[in-house]
Amino acid sequence: MSTWLMKSEPSEYSIDRLEQEKCSSWFGVRNYQARNFMRDQMQVGDVVLFYHSSCKEVGIAGIARVASLAHPDESQFEVGKYFEPKATREKPIWYCIDVAFERKLQKIYTIGDIRATPGLETMKILEKGNRLSITPVTETEYQILLSYLDTE
DNA sequence: GCCAACGTTGGC
DNA sequence: GCCAACGTTGGC
C-alpha cells in the first residue's frame, strides 16, 4: 500500500467539503505526471494526505483513502474549465481516481511544521519549484508524520 | 527535436 | 501581488 500527497486549493475543494460528501472524484488534474500516478500506480486503499495549497494555512489538512482505480475524468468531455477538445470517449486523455474521507486533522500540519520535522525534509512537497499536485510519500515519511500527528 | 515565449502554479 | 520555477506550445 502506498501513500500520496494530493494538493487542492480549499477554495476549489477542501477537506471539509470531502467530509460532507464522504467520497469524491479527484477530477481536474491536467498534468501528465500526476495523471500517470493515478492511472498507473494508485490502488484502492492507498493513503491520501489531503493538502491545502494557496490559502491562509498551507499544509496537510486531513487524511483520505483512494476509493477507486483510475477512470476517465468526465470533466474533459464537458464544456468548461476542464474541457479537453482532443479527448474522446474512446480515447480519453485525463483520468482521475475517487477519494474517500477518513479524518480531518485537529490542526493543519503546516508546510512550516513539515519543514521543521526531522525526517520529513525529503518530502517532495518541500522541493524547490515543485508544482506537482500529486506526489508519492514514502512509508518512512508517512510513519514519521503519523507519529507527530498522534502527539498533537 | 530544439528552444523561446508564454501561461500557470503556489509560497511568501 | 510578486516572482521563481516549471510545463506546454508552436515556429523553425
Can you find a heavy atom in the side chain of W26(A) that is under 4.5 Å from one in the side chain of S8(A)?
yes
Filtered N/O pairs between nucleotides 9-12 of chain B and protein, under 3.5 Å:
| from | atom 1 | to | atom 2 | distance (Å) |
| --- | --- | --- | --- | --- |
| dG10(B) | OP1 | K7(A) | NZ | 2.8 |
| dG10(B) | OP1 | R131(A) | O | 2.8 |
| dG11(B) | OP1 | Y51(A) | OH | 3.2 |
| dG11(B) | OP2 | S54(A) | N | 3.1 |
| dC12(B) | OP1 | R115(A) | NH1 | 2.9 |
| dC12(B) | OP1 | R115(A) | NH2 | 3.3 |

Is the ring pair Y148(A)/Y109(A) parallel, tilted or perpendicular, if the boundaries are 30 and 60 degrees?
tilted
Distance check needed: dC6(C) P versus I134(A) CD1, whole Å only.
19 Å
Contact summary for I134(A) and M6(A), nearest pair of heavy atoms
CD1-CE, 3.7 Å
Between E12(A) and K81(A) (salt bridge meaning N to carboxylate O under 4.0 Å), is one present in this structure?
yes
Name the orientation class of the two ring planes belonging to F37(A) and W4(A) (parallel below 30°, tilted from 30 to 60°, perpendicular beyond 60°).
tilted
What residues from residues 26-39 of chain A pass a heavy-atom cutoff of under 4.0 Å to DNA chain B?
none
Salt bridge between K104(A) and D16(A), side-chain N to carboxylate O under 4.0 Å?
yes
Ring-face cation contact, F77(A) with R89(A), 6.0 Å cut, 45° max
yes
Would you name the heavy atoms of E84(A) and I93(A) that are closest together and state the gap between them?
CG-CD1, 3.7 Å
